[in-house]
Amino acid sequence: MSLPLLKLGAVLSAMAMISNWMSQTLPSLVGLNATKLSTPDTLTQISPKEGWQVYSSAQDPDGRCICTVVAPEQNLCSRDAKSRQLRQLLEKVQNMSQSIEVLNLRTQRDFQYVLKMETQMKGLKAKFRQIEDDRKTLMTKHFQELKEKMDELLPLIPVLEQYKTDAKLITQFKEEIRNLSAVLTGIQEEIGAYDYEELHQRVLSLETRLRDCMKKLTCGKLMKITGPITVKTSGTRFGAWMTDPLASEKNNRVWYMDSYTNNKIVREYKSIADFVSGAESRTYNLPFKWAGTNHVVYNGSLYFNKYQSNIIIKYSFDVGRVLAQRSLEYAGFHNVYPYTWGGFSDIDLMADEIGLWAVYATNQNAGNIVISQLNQDTLEVTKSWSTGYPKRSAGESFMICGTLYVTNSHLTGAKVYYSYSTKTSTYEYTDIPFHNQYFHISMLDYNARDRALYAWNNGHQVLFNVTLFHIIKTEDDT
C-alpha cells in the first residue's frame, strides 16, 4: 500500500519543480532576462519594431508564473530568431504538458488501486479476525467433545477390572480341565485307581461354574467388524444365504436363495462343508416369489417378503408349507423405500438374541426407517420404533441385541454409520468401518449363534466376525 503513495508524492514533487523551472527559464529563453520586474505594476516599454513588450511578470497564489507579453509586428516575427526560440519553447511546454497529463492519469489509476487495496486489506483483516474467533470456538467445542468421551469411558474402568477377574477364573477353569483330562486318561489305563464318584462331582461342579460364568455375559454393543472370510463364490450379484440361529449345535444346515426377484427355489445343504462342495440335500419350491434379499431363517421356518406386496410369509421347512402370512401395515414395497442398491429391498427381516424383527419405511414416517418386533408365530407387530434415518440412504442394516446398526453405503468405503437402541429409544452416529472386499453388498445379516455377519458380496458368500463389548452382571445387579 506504501508504493502507490510514494508514486503520488513523486509526481506532485515533479510538477512543482517543472512549474518553478518555467517561471525562471521562460524569460531568458525569449530574451527577457535583462528586463527588471520589480512589482506587478511596473511597465517596461520596448518598441514593437524592436521586439516584445512585457507588461508584467509575477506568480499567482498557487505559485504559477504569470506573464503579460505583447508580440512584435508580424513582419518582424517571421524574421526574428527569438520567434523560432519561442515556438521551440512552446513545443517543449506542450510535450511537458502531455507528459504531466500522462503522469496525472497514472497517478489517478494508482490512487484508485490504493483505495481498492485498502478495502481488500480491511476485508482480509476482518476475515482473519473471524477465523481467529472461529478457531477459539472450535477448540472449545472439540475440548467439550473429548471431555464427554472421557466421561463415557470412565464407567468402563470397573468393567475392565471385572474382566481381569473373569480372565483369571477362565484360566483356573482351563487348568482344572487339563487336570481332569489327565485323570481320565489315567483311569483309562488303570480302572479303579481313582474314585469315580468324586471325579463325576468335580466335572458337574466345573460345568455349573462355567454356566454361571457364561450367564454373566449379557448382550453387547458392536465395537468392531473384521474379515471377511470368503466361504464360496457362486450365483448372481444379488442373493442371500443363511443358517438358523436357534438350531442345535449339531444342526448346521445352510439355505441358499439366489437373485432378488423372479425366483421361488430355496436350496438346502446339511453343513457348511456341503455348501462349499455344492452337495445339496434338499430343494424347496416356495408357493410365492420373493422380493429382495433380506430373508431370515428362524426356528426352522423361512420368513420372506412376498413379491410386489408388503406381505410377510412364514414358510416351515419341516412341513413344507406356509404357516402364516400378514401384511406389514403402511410399509413401502417394490422399490418405494429400498436400500441404496435397490433390488426391492424395501422390507428387511432379521433376527437377533431378542427375537424376530422387520425393518422398513412408511410415508407416515417420511420415508425414515421403522423398526418392528414381530411375533414369530402370528407375524403380528408387538411394538414399533420410528427412527429419523432415511431408508433410501441406508446401504444395509442388521440387529444385535435389540440395537439396529445401519451402514451408509453398499459400495467400497461403507461403514456402520448409525445405530438405534430399542431398549432406550435413542440413537447415535457411529464410525465402524469394514472391508467391502468385492465392492457390492446386497445382503448383510447377523447370526446370534455364530456371532457373525452373513453377507452376499457381489456373487461371493462371505462371513464377517464381530467384536461386542459385553456388560458383565455382578451379584449386586441380580
Side-chain angles (χ1 to χ4, degrees), residues 166 170 207 210-232 239-257 266-276 281-282 284 293-304 314-318 323 348-359 371 373-377 396-405 416 419 422-423 432 434 441 443-457 461-473:
D166 287 349
I170 293 172
E207 183 180 9
L210 284 172
R211 290 184 182 278
D212 291 340
C213 182
M214 292 301 296
K215 287 179 181 179
K216 290 183 178 181
L217 296 177
T218 62
C219 273
K221 179 180 180 180
L222 180 65
M223 303 297 292
K224 187 179 180 181
I225 300 175
T226 56
I229 300 170
T230 302
V231 177
K232 188 178 182 179
W241 72 294
M242 64 214 79
T243 60
D244 190 344
L246 295 185
S248 64
E249 295 180 2
K250 296 181 179 180
N251 183 355
N252 294 307
R253 288 185 295 174
V254 178
W255 290 273
Y256 179 89
M257 302 169 69
V266 181
R267 306 182 189 281
E268 181 181 286
Y269 303 85
K270 287 185 176 180
S271 65
I272 290 287
D274 286 349
F275 173 62
V276 173
S281 61
R282 190 172 176 181
Y284 301 89
T293 59
N294 307 116
H295 332 296
V296 64
V297 174
Y298 189 70
N299 199 22
S301 294
L302 171 67
Y303 297 82
F304 67 96
K314 177 184 179 181
Y315 179 87
S316 172
F317 288 129
D318 293 335
L323 298 183
D348 192 349
L349 301 171
M350 55 189 74
D352 67 353
E353 294 84 351
I354 296 176
L356 185 66
W357 304 86
V359 172
I371 308 169
Q373 189 169 8
L374 305 179
N375 182 298
Q376 63 171 307
D377 297 321
E396 279 288 342
S397 67
F398 53 89
M399 296 287 293
I400 299 180
C401 299
T403 296
L404 179 71
Y405 294 93
V416 177
S419 66
T422 58
K423 182 179 179 180
I432 306 175
F434 61 94
I441 290 180
M443 169 253 180
L444 188 64
D445 277 327
Y446 173 71
N447 187 292
R449 187 185 72 165
D450 300 336
R451 291 288 175 90
L453 294 173
Y454 283 65
W456 192 288
N457 197 183
Q461 292 74 53
V462 303
L463 289 172
F464 291 94
N465 292 317
V466 297
T467 300
L468 303 181
F469 178 79
H470 293 282
I471 306 301
I472 302 176
K473 289 182 179 179

Qualifying residues under salt bridge (charged side-chain N to carboxylate O under 4.0 Å, His left out), relative to K232, sequence neighbours excluded: none

[X] to [Y] - nearest heavy-atom pair and separation:
| X | Y | answer |
| --- | --- | --- |
| N447 | T243 | ND2-OG1, 2.9 Å |
| P245 | A448 | CB-N, 4.1 Å |
| I400 | G220 | CG2-O, 4.2 Å |
| D274 | Y269 | O-CD2, 3.7 Å |
| K224 | T226 | CE-CG2, 3.5 Å |
| N294 | D348 | CB-OD1, 2.9 Å |

Sub-4.5 Å side-chain heavy-atom contact between [X] and [Y]:
| X | Y | result |
| --- | --- | --- |
| I272 | V231 | yes |
| Y284 | Y315 | yes |
| L349 | W357 | no |
| R267 | V254 | no |
| I225 | V416 | yes |

Quick one: pull up [atom1] in [X] and [atom2] in [Y] and give me the separation to the nearest 0.5 Å.
| X | Y | atom1 | atom2 | answer |
| --- | --- | --- | --- | --- |
| L463 | Y454 | CG | OH | 5.5 Å |
| T230 | N457 | OG1 | CG | 7.5 Å |
| M350 | S397 | CE | OG | 3.5 Å |
| Q376 | N299 | CD | CG | 5.0 Å |
| W456 | D445 | CH2 | CG | 13.0 Å |
| L404 | T422 | CG | OG1 | 9.0 Å |

Could you check, using the six-membered ring where one of them is a Trp, whether F275 and W241 have ring centers closer than 6.0 angstrom? yes

Steps toward side chain to side chain contact (heavy atoms under 4.5 Å, CB included) verdict (V266, Y256): CA-CA 6 Å; V266 181; Y256 179 89; over 6 Å; no

For Y446 and E353: C-alpha separation, side-chain torsions, deciding distance, then whether side chain to side chain contact (heavy atoms under 4.5 Å, CB included) applies. CA-CA 10 Å; Y446 173 71; E353 294 84 351; 2.7 Å; yes

Under-4.0 Å salt bridge between R449 and D244: no

Steps toward side chain to side chain contact (heavy atoms under 4.5 Å, CB included) verdict (L302, V296): CA-CA 6 Å; L302 171 67; V296 64; over 6 Å; no

Test log, rule ring pair (Phe, Tyr, Trp, His ring centres under 6.0 Å), inputs F317 and W255: CA-CA 10 Å; F317 288 129; W255 290 273; 5.0 Å; yes

For side chain to side chain contact (heavy atoms under 4.5 Å, CB included), just list the numbers for S301 and L323, CA-CA rounded to whole Å, side-chain angles, deciding distance to a tenth of an Å, and then say yes or no. CA-CA 9 Å; S301 294; L323 298 183; 4.3 Å; yes

